[in-house]
Amino acid sequence: MDDLRLNVSLLRRKVPNLTSAARQVGLRPATVSNLCTGKISVGRAEVRTLVALASLADCSLDDLIIRGEKIEMIETKIKTLDLFAPLAKGGTVGLVARTGMGQLVVLAELFYRFKKEVYKTILLMPEGEHQGLNDLVENVEIITNTIDDTYERIANIGGDQDIMFIADRSHVITGRIQQLQENLQGVGIHSVTTFLVDLTGEVVDEDLPYGPLETLWQFDADLVARHRYPAVNPLSSTSSVLEGAHLDQEHFTIQQKALKILRRYRELRSLVNVSGIERIPTSALQTYRRGEKLEAYLTQAFYIAEPFTKKLGQAVSLQDTLNDVKEIMNGAVDSKDVSELEFIGNLQSDHLE
């Protein structure tokens, strides 16, 4: 049962307005979202939920539930993304954030990194002026202005080239993104990883604002307020890569343990904010301290921000991230100050020598 998953691309194609459609048949949009990203495995889903989804997509259960080959992860070398919500190659990722939370900075940084790799990078220009958009434009190879223009450019690149593509949510609402993806698949192009962004902030208040996704990055106001960047919330971000059948066992074990510590740390932090550190039970103090250090370690300096932050950009391999997070959780940095872990690369960097 572990390698069963929803056919997300089929759902996206057949039911573009999945939020309202799900509600109309008595399904919770959050449940549907969790099934699409793998947060809830198909094996644990209620049969009536799967039957309702198949009915919405006008397909059989055999079409809706597929025995998936391994979903390939794209390693970004951004610690919190790779650990908690990895990019699914050829999938669709949605960014959920209010304005000013740094989502365009994260995208600009990613595309700066991708441009140096083997990827073709494309931006379908959003309408209007937006802070941070210039940084994104500077780090994208191809700029398009319409869906039709985008289709032509991608079709001309062909199916042998891995492509990274950014579009605004307005094109999701019209159904044009789903149509683009279907048209590209129709001509044999399956290697496009799509990033969907909303620059109005409205997505924060909606369920399934982009429809079915392989990866969801949810930005967090609390992290922003405390300058913990990138401000992607590990507790609410997820990816289909994290399904048991597709994830290395070490990654899964460390990720689950880290989530547990961070969740408990947030609960304890609320208590500290109200009543002070002395109100934390002695038995929970170690978890609080390690959660605090883990959160600090997950901050990361970006290459594109070097002129402003005066901090050198850092790239950390997934394996180094896993090793470091395990060390933090095991108490190897208990004697270190939280500030020594902020915006470093890995634990072996000069900051901790």
Side-chain angles (χ1 to χ4, degrees), residues 3-16 18 32-42 53 57 64-76 78 80-96 103 106-107 110-111 113-114 117-124 150 154 157 159 161-169 171-172 176-186 188-198 203 208-218 232 236-248 251 255 318:
D3 62 348
L4 297 180
R5 62 186 177 90
L6 283 190
N7 189 339
V8 175
S9 61
L10 180 142
L11 262 182
R12 188 182 301 119
R13 201 163 64 242
K14 294 287 197 78
V15 200
L18 189 56
V32 178
S33 175
N34 288 337
L35 276 167
C36 291
T37 56
K39 209 168 188 177
I40 297 175
S41 69
V42 169
L53 284 174
L64 179 70
I65 302 169
I66 55 179
R67 192 173 292 278
E69 66 283 355
K70 188 175 177 67
I71 298 173
E72 189 175 344
M73 170 185 169
I74 297 174
E75 190 171 329
T76 66
I78 296 175
T80 197
L81 300 184
D82 290 346
L83 178 59
F84 296 108
L87 266 181
K89 186 175 182 180
T92 301
V93 53
L95 284 72
V96 175
Q103 58 178 335
V106 169
L107 286 176
L110 281 171
F111 276 58
R113 295 174 185 228
F114 291 148
E117 305 281 339
V118 295
Y119 303 106
K120 284 282 186 185
T121 54
I122 300 176
L123 168 67
L124 174 54
T150 304
I154 294 177
I157 292 169
Q161 173 71 57
D162 288 321
I163 296 166
M164 299 291 176
F165 167 57
I166 301 176
D168 182 75
R169 178 174 174 252
H171 301 289
V172 178
R176 297 298 305 279
I177 286 292
Q178 290 88 350
Q179 190 62 52
L180 172 67
Q181 291 174 326
E182 188 172 357
N183 291 345
L184 289 171
Q185 289 177 5
I189 297 176
H190 304 277
S191 55
V192 181
T193 304
T194 303
F195 297 78
L196 300 175
V197 64
D198 171 68
V203 290
L208 277 176
Y210 300 109
L213 296 168
E214 278 79 14
T215 304
L216 172 70
W217 291 340
Q218 185 117 27
V232 176
S236 52
S237 301
T238 189
S239 165
S240 57
V241 178
L242 298 174
E243 293 177 36
H246 308 298
L247 194 66
D248 174 78
H251 186 165
Q255 185 249 10
L318 173 62

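Values below: all heavy atoms of this structure, side chains included; hydrogens, waters and symmetry mates excluded.
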Novice: Distance check, rounded to the nearest 0.5 Å: Leu184 atom CG versus Ile189 atom CD1?
Specialist: 5.5 Å
Novice: Could you work out, with side chain to side chain contact (heavy atoms under 4.5 Å, CB included) as the rule, every residue matching Lys14, not counting sequence neighbours?
Specialist: Leu10, Ala57
Novice: Would you give the length of the straight line joining atom CG of Leu107 to atom OG1 of Thr121, rounded to the nearest 0.5 angstrom?
Specialist: 12.0 Å
Novice: Which distance, rounded to the nearest 0.5 Å, do you find between the CD1 of Ile163 and the NZ of Lys120?
Specialist: 9.0 Å
Novice: With a 4.5 Å cut-off on side-chain heavy atoms, are Pro86 and His251 touching?
Specialist: yes
Novice: Using the side-chain contact (heavy atoms from CB on, under 4.5 Å) rule, take Ile78 and Leu110 through it: C-alpha gap first, then chi angles, then the decisive distance, then the call.
Specialist: CA-CA 9 Å; Ile78 296 175; Leu110 281 171; 3.8 Å; yes
Novice: Would you mind telling me which of Thr150, Thr193, Leu123, Leu196 makes a side chain to side chain contact (heavy atoms under 4.5 Å, CB included) with Phe165?
Specialist: Thr150
Novice: Could you pull out the closest heavy-atom pair between Gln103 and Asp198, with the gap in Å?
Specialist: NE2-O, 2.9 Å
Novice: Supply the atom-to-atom distance Ser9 OG to Ile66 CD1, rounded to the nearest 0.5 angstrom.
Specialist: 6.5 Å
Novice: Provide the closest heavy-atom pair for Leu87 versus Val241 in the form atom of the first, atom of the second, distance.
Specialist: O-CG2, 3.9 Å
Novice: To the nearest 0.5 Å, how far apart are CG in Asp162 and NE2 in His190?
Specialist: 13.0 Å
Novice: Tell me, do Leu81 and Val232 make a side-chain contact under 4.5 Å, heavy atoms counted?
Specialist: yes
Novice: Does any part of the side chain of Val96, heavy atoms only, come nearer than 4.5 Å to the side chain of Tyr210, both counted from C-beta?
Specialist: yes
Novice: Flag the pair Thr215 / Thr37 as yes when at least one side-chain heavy-atom distance between them is below 4.5 Å, and no otherwise.
Specialist: no
Novice: Given Arg13 and Gln179, is the side-chain contact (heavy atoms from CB on, under 4.5 Å) satisfied, shown in steps?
Specialist: CA-CA 7 Å; Arg13 201 163 64 242; Gln179 190 62 52; over 6 Å; no
Novice: Could you list the residues that satisfy side-chain hydrogen bond (donor to acceptor under 3.5 Å, both in side chains) with Ser237, not counting sequence neighbours?
Specialist: none
Novice: What closest approach, in Å, do Asp82 and Glu75 show between heavy atoms, and which atom pair accounts for it?
Specialist: OD2-CG, 3.4 Å
Novice: Should the ring pair Trp217 and Phe195 be called parallel, tilted or perpendicular, given that the plane angle runs from 0 to 90° and is split at 30 and 60?
Specialist: tilted
Novice: Among Arg12, Arg5, Lys89, exactly one meets side-chain hydrogen bond (donor to acceptor under 3.5 Å, both in side chains) together with Glu214. Which residue is that?
Specialist: Arg12
Novice: Keeping the roles fixed (side chain from Arg169, backbone from Val203), state whether a donor-acceptor pair exists under 3.5 Å.
Specialist: no
Novice: Closest approach of Leu216 and Ser236, non-hydrogen atoms and distance?
Specialist: CD2-O, 3.8 Å
Novice: Heavy atoms, side chains only, cut-off 4.5 Å: are Gln178 and Val172 in contact?
Specialist: yes
Novice: Between Gln181 and Thr92, is there a side-chain donor-acceptor contact under 3.5 Å, judged purely by atom types and distance?
Specialist: yes
Novice: Please check this pair: side chain of Gln161 against backbone of Ile154, looking for a donor-acceptor N/O pair closer than 3.5 Å.
Specialist: no
Novice: Using 0.5 Å steps for rounding, measure from the CG atom of Leu53 to the CG atom of Leu35.
Specialist: 7.0 Å
Novice: Does any non-hydrogen side-chain atom of Val8 lie less than 4.5 Å from one of Ser240?
Specialist: no
Novice: State which residues pass salt bridge (Lys or Arg N to Asp or Glu O under 4.0 Å) with Asp168; sequence neighbours excluded, sorted by chain then number.
Specialist: none
Novice: Going by heavy atoms in the side chains, are Cys36 and Leu6 under 4.5 Å from each other?
Specialist: yes
Novice: Grab the two heavy atoms, one from Gln255 and one from Leu83, that are nearest each other, plus how far apart they are.
Specialist: CG-O, 3.3 Å
Novice: Would you say the side chain of Ile122 lies within less than 4.5 Å of the side chain of Ile157, judging by non-hydrogen atoms?
Specialist: yes
